[in-house]
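Let me begin by presenting the structure, written as structure tokens, before commenting on it.
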Amino acid sequence: MTDTASQQPTDLPPAWEPATVEAELYERWVDAGYFAPDPDSDAPPFCIVLPPPNVTGSLHMGHALDHTLMDALTRRRRMQGYATLWQPGMDHAGIATQNVVERELSREGKTRHDLGREAFVERVWEWKGEYGGRILGQMRRLGDGVDWSRDRFTMDEGLSKAVQTIFKRLYEDGLIYRAERIINWCPRCLTALSDIEVEYADDEGELVSIRYGEGDNSIVVATTRAETMLGDTAVAVHPDDERYKHLVGTEVELPLTGRRIPIVADEHVDPEFGTGAVKVTPAHDPNDFEIGRRHDLPNITVMDERANITAHGPFEGLDRFEARPAIVAALREQGRIVAEKRPYVHSVGHCSRCDTVVEPRLSLQWFVKVEPLAREAGNAVRDGRTTIHPADLSKRYFDWVDNMHDWCISRQLWWGHRIPVWYGPNDKVICVGPDEEPPSGEEWTQDPDVLDTWFSSALWPFSTLGWPDETAHLDKFYPNSVLVTGYDILFFWVVRMMMFGLYAMDGKQPFDNVYLHGLIRDAAGKKMSKSRGNVIDPLEWLDRFGADAVRFTLARGANPGSDMALAEEWAAGSRNFGNKLWNATRFALMNGATVASVVPPRDQLTDADRWILDLTDAVVSEVDGLFDDYQFAKLSDALYHFTWDELCDWYLEIAKVQIGEGGARADATRAVLGHVFDVVLRLLHPLVPFVTERLWTTLTGDESLVVAEWPKPTGAAADADAAQRIAGVQKLVTEVRRFRSDQGVKPGQRVKAKLVGVEDAGLGSLATAVSSLARLEAPGDSFTPSASIEVSLPGGHVHVELDLSGTVDLAAERKRLEKDLAVAEKELKGCDAKLNNPNFTDKAPTEVVAKIKGRREVAVADIARITARLEIFGG
RNA sequence: GGGCGUAUAGCUCAGCGGAAGAGCACUCGGUUUACACCCGAGCGGUCGUAGGUUCGAUCCCUACUGCGCCCA
């Protein structure tokens, strides 16, 4: 395929074959520059920044969903004439990337320390150049309309400058500080983690009760982490706990160590849990650390960075999990183990990167003081600067920002933005800004740590636009229009971007809207995971079903905030829809549909024409509203239903008849077909860009649907009478089809029939269409009706007499009538029950009562008609 | 332990105060010249359980049960 526009409709193959076309269409869009906006244009701005994927990552279904929705939003806005920027890029994923390269090194028998910091970082850049960013190529497969000329990476020079700038500002405002605190430590990654990088899971452990002290002065504590007892510096009880009041203020000997530790009273202790007495290990537990601070207890660290025991004695050098049973055994030998519960299921934190059990560790780290930033982030949503969709999720957002802990931002890694702080003689500390020279001289050293990746990606909505420089893009596209991401990322992305955006941009929110979609699940609604083996690779689906099918499947499942289940059948269904659209448009083209000519005035059109034009208008308005409301599932469904159930199943069939008439009628029908397909292809383009592009350029001969105008309703008043008559045709046709099916008449077989009363019912002009759709033919001379169908329509009753040229299956006919009768009788009963209830007639609104009365009349008439028919059958 | 969400057809989900819906699956019949990635006709639900509010409840309220998520 080279030049779509000049192709003849007959060149379109009988099925849509995405694999042969997609890549070429995509490259043409990129080359044409459609995705790169002009920041100086007068058009209103629309901007989405892609939440930057991890440089080590590859496309998974969650991305595919995310990207489909972002692409749909930007494509629509572009068609609406906005200056549209979808900003792509990647983040450097500190821990993940360092892990990948360290694994590579270990295969060579080396560690990063063999290389040294500088050479290691060089090596990571090499890796990034060679293997990083696979996902960028995969985004092209999906059809992502991003501005590739603005591709960014969080470690780029410009973005690094942004990091250094904001670090210094926060530091000078006292919002970044360094302190010795208990942080989450991964003994395998050898770095601090933030709270949200820890995942809690129920693990089987043990609960051991240990007696400290002797005789009357002894006290029993319960713990799941016996190995930490070497670092205990107190035992705590609740101040009101009568059992221990006499012991508060005394000391007990800490077993195995000979140290004497105080018994303190602290409100924090839960007297209901265990014995009501807890061991206090301030250097190895965050709660104990707080107790320690309140009671001035010493912090005794008993493990090193790899979680091996450092306390002197027989346990020195043991791993924490080896030390635990060893210490319990030693205590048991002394008769100090009072009770043991095994297995004891409790919640344990794991490193989100490598799943190692996290060790709370006392260490000197950098923190962001989040309280003032988080408060402002909350306010921005409370006062409507930013709107969260769906609104229900705002509550979760508030819960989070209102209770956020200070954010540990230092990481003991080499890959990342190095903390721009220098330490000099006499405890001098200097924070160096981007345009400043770091202090020189051997007595000055830079902080060895790097910043959390989220620190730099929190700047993404403005750092990618050029901040801290004043650029045309920043001016035009900040605040971003909407951030699209999964609700599971609310705390990772949204909160951090909000905090930094509001801070850096003087209270201007990073985005006007946040759209949160759900998670992808398997067909049974289970979360996808490697261990479950239920992961669906979007690339496989892209190969098998095409990008449009994958996109449509995801859009169709995207109800705001709720998860979606996926199975192959869904994708196959979407592929079928694409093919349906393909063939329907191909049919229109083969019949000479054209958008070149103007649709004739309404009074020269048929009921069917006016009906489909009105429906087209309605679907334009509906889809538009649903787009504004981020209702992707509903708008996809609306388009699916309109295209398949209305346009293809009814209008195209009627159009066949109208084109068969020839002359002006055929020309008018071609114009209507052209208009309707033009509109529906435009409406579908944001969801299924490839198939629509291919069809639309053929239909119109224009350059590209990417930059075509988004449809607006024509504003014509809907013709309710035409709609009612078409509904009548549908009912009539359906009744005949139903009868044929009951009677076992082959679908292709024409049946001689006489339509009595069609003129009176107002369907005279549609009789030919009815005959065509119901496969009826003219009665002819030898017409002997052997069956009849009666259909009540708003305009009157239509009686269809059929010559089945053979015996009629009376049993089938009676069965049908009895079934219909039962329905009508049930309806009558229900209506009577209401109408005979004075409470209903008195209290219900008059229009409701009138409606029920109307339904009752219909039921009564149906019963009379059906009963009469049954009598004819001798039933 | 605290908080939140959810329970509708075999499956996945819409609907959320006045006649139970969709897609898929299933059954039956089809070479209907756009499409078998199709066409036509069907089958299938006392809307988790028990109370309450209301003339009226799948829809609102309460409790319970199941499932899921977040936080500690």
Side-chain angles (χ1 to χ4, degrees), chain A residues 9 12 14-17 195-196 200 270 272-273 286-287 347 349 392-393 395-396 399-400 403 487-488 490-491 518-519 521-527 545-546 549 553 556-557 559 561-591 631 633-634 636-638 640-641 644-645 648-649 652-653 655-656 733-750 772-775 816 819 823 826-827 830-831 833-835 837-845 847-849 851-852 854-855 858-859:
Chain A
L12 297 178
W16 164 239
E17 288 154 13
D195 293 350
I196 55 175
Y200 289 86
D270 175 8
E272 306 292 322
F273 181 79
N287 293 323
S347 189
D392 316 359
L393 284 170
K395 203 162 64 172
R396 244 163 102 167
D399 284 349
W400 183 265
N403 298 296
Y487 64 74
D488 56 327
L490 185 63
F491 312 133
L519 273 33
R521 296 174 176 277
D522 72 5
K526 295 272 176 250
K527 217 170 179 170
F545 303 109
T553 303
R556 212 177 171 200
N559 283 301
S562 59
D563 294 351
M564 86 174 74
L566 282 187
E568 214 173 292
E569 292 86 334
W570 285 222
S574 298
R575 177 203 54 196
N576 296 354
F577 176 62
N579 192 55
K580 186 74 181 176
L581 182 68
W582 176 262
N583 274 289
T585 312
R586 200 165 66 97
F587 166 82
L589 289 166
M590 282 161 56
N591 282 283
Q631 295 285 358
K634 289 193 174 70
S636 304
D637 237 24
Y640 183 97
H641 176 253
W644 204 313
D645 301 338
C648 292
D649 284 355
L652 289 192
E653 296 304 323
K656 287 175 185 171
V733 169
T734 303
E735 285 300 322
V736 176
R737 284 173 175 169
R738 195 158 84 125
F739 180 82
R740 294 174 55 116
S741 185
D742 284 349
Q743 292 294 325
V745 178
K746 303 288 181 216
Q749 190 191 326
R750 298 272 168 183
S772 169
L773 290 171
R775 305 266 137 201
R816 158 102 305 143
K819 193 181 166 186
V823 170
K826 191 181 167 196
E827 173 76 355
C831 291
K834 288 190 174 189
L835 293 170
N837 180 354
N839 278 327
F840 173 73
T841 47
D842 291 350
K843 293 186 182 173
E847 62 270 22
V848 174
V849 177
K851 205 166 146 190
I852 300 292
R855 277 168 52 189
V858 172

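Side-chain atoms of Asn579(A) come within 3.5 Å of backbone N or O of Trp16(A) as a donor-acceptor pair.
Atom CD in Glu827(A) sits about 13 Å away from atom C1' in rA20(B), given to the nearest Å. When the C1' atom of rU27(B) is taken as reference, atom CZ of Arg738(A) falls 17 Å away, rounded to whole Å. Remark: P of rA41(B) and CD of Gln749(A) are 17 Å apart, rounded to the nearest angstrom. Rounded to whole angstrom, the span from the CD atom of Gln743(A) across to the C1' atom of rC28(B) amounts to 14 Å. Atom CD in Glu568(A) sits about 12 Å away from atom P in rA25(B), given to the nearest Å. The CZ-P distance, from Phe840(A) to rG17(B), rounds to 17 Å in whole Å. As a whole-Å value, the separation of Asn403(A) CG from rG2(B) C1' is 12 Å.
Taking the C1' atoms as reference points, rU33(B) lies 30 Å from rA25(B), given to the whole Å. If you take atom C1' in rG45(B) and the same atom in rG21(B), they sit 11 Å apart, rounded to whole Å. Rounded to the nearest Å, the gap between the C1' atom of rA19(B) and that of rG15(B) is 14 Å. rC47(B) and rG17(B) have their C1' atoms separated by 14 Å, with the value rounded to a whole Å. Using atom C1' as the reference point in both rG3(B) and rU8(B), the two lie 26 Å apart (nearest Å). Between rU31(B) and rA36(B), the distance separating the two P atoms is 14 Å to the nearest Å. Across the C1' atoms, rC60(B) and rU53(B) are found 8 Å apart, a figure rounded to whole Å. Nucleotides rG51(B) and rG56(B) place their P atoms 16 Å apart, quoted to the nearest Å.
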Generate the contact string for nucleotides 5-13 of chain B. Rules: B means base contact, S means sugar-phosphate contact only, - means no protein heavy atom under 4.0 Å.
------SSS
Along nucleotides 30-39 of chain B, 5' to 3', which nucleotides get a B, which get an S, and which get a -, given that the test is a protein heavy-atom distance under 4.0 Å?
S-B-BB-BSS
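Across all strands shown, rC16(B) forms no Watson-Crick or G-U wobble pair with both key distances under 3.5 Å. As the counterpart of rC60(B), rG52(B) is assigned, both hydrogen-bonding distances of the Watson-Crick or G-U wobble pattern falling under 3.5 Å. Across every strand in view, rG5(B) sits in a pair with rC67(B) that passes the Watson-Crick or G-U test at under 3.5 angstrom. Judged by Watson-Crick or G-U wobble contacts below 3.5 Å, the nucleotide rC26(B) has rG42(B) as its partner. Pairing of rA34(B), defined by two Watson-Crick or G-U wobble distances under 3.5 Å, is not identified with any nucleotide.
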Side chain to side chain contact (heavy atoms under 4.5 Å, CB included), that's the test. Do Leu490(A) and Trp400(A) meet it? Break it down for me.
CA-CA 9 Å; Leu490(A) 185 63; Trp400(A) 183 265; over 6 Å; no
Applying side chain to side chain contact (heavy atoms under 4.5 Å, CB included), run through Lys834(A) and Thr841(A) and close with a yes or a no.
CA-CA 8 Å; Lys834(A) 288 190 174 189; Thr841(A) 47; over 6 Å; no
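Under the 4.5 Å side-chain criterion, counting only non-hydrogen atoms from C-beta, Asn591(A) is not in contact with Lys656(A). Under the 4.5 Å side-chain criterion, counting only non-hydrogen atoms from C-beta, Pro747(A) is not in contact with Arg737(A). Taking the side chain as every heavy atom from C-beta outward, Lys851(A) and Glu847(A) never approach each other to under 4.5 Å. Side-chain contact between Leu519(A) and Tyr487(A) is present, with heavy atoms from C-beta onward closer than 4.5 Å.
Residues Ala565(A) and Asp522(A) come closest through the heavy atom pair CB-O, 3.3 Å. Taking each heavy atom of Arg855(A) and Cys831(A) in turn, the nearest pair found is CB-SG, 3.9 Å. When all heavy atoms of Ala549(A) and Ala571(A) are compared, the pair lying nearest together is CB-O, 3.9 Å.
The salt bridge (charged side-chain N to carboxylate O under 4.0 Å, His left out) contacts involving residues 567-585 of chain A comprise Arg544(A)-Glu568(A), where partners must be two or more places apart or lie in separate chains.
Take Lys826(A) and apply the side-chain contact (heavy atoms from CB on, under 4.5 Å) test, not counting sequence neighbours, and it matches no residue. The side chain to side chain donor-acceptor pair (under 3.5 Å) test applied to Ser574(A) returns Thr553(A), not counting sequence neighbours.
Toward the 5′ end of RNA chain B lies the nearest nucleotide of Arg556(A), the other residue of the pair Arg556(A) and Asp742(A) mapping further downstream. Taking for each of Lys851(A) and Thr734(A) the nucleotide of RNA chain B with the nearest heavy atom, the 5'-most of the two is the partner of Lys851(A).
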Using a cutoff of under 3.5 Å, can you pull out all pairs of nitrogen or oxygen atoms linking the protein to nucleotides 70-72 of chain B, with atom names and distances?
unit_1	atom_1	unit_2	atom_2	d
rA72(B)	N6	Ser347(A)	OG	3.4

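Looking at heavy-atom distances under 4.0 Å, Pro845(A) makes contact with a base.
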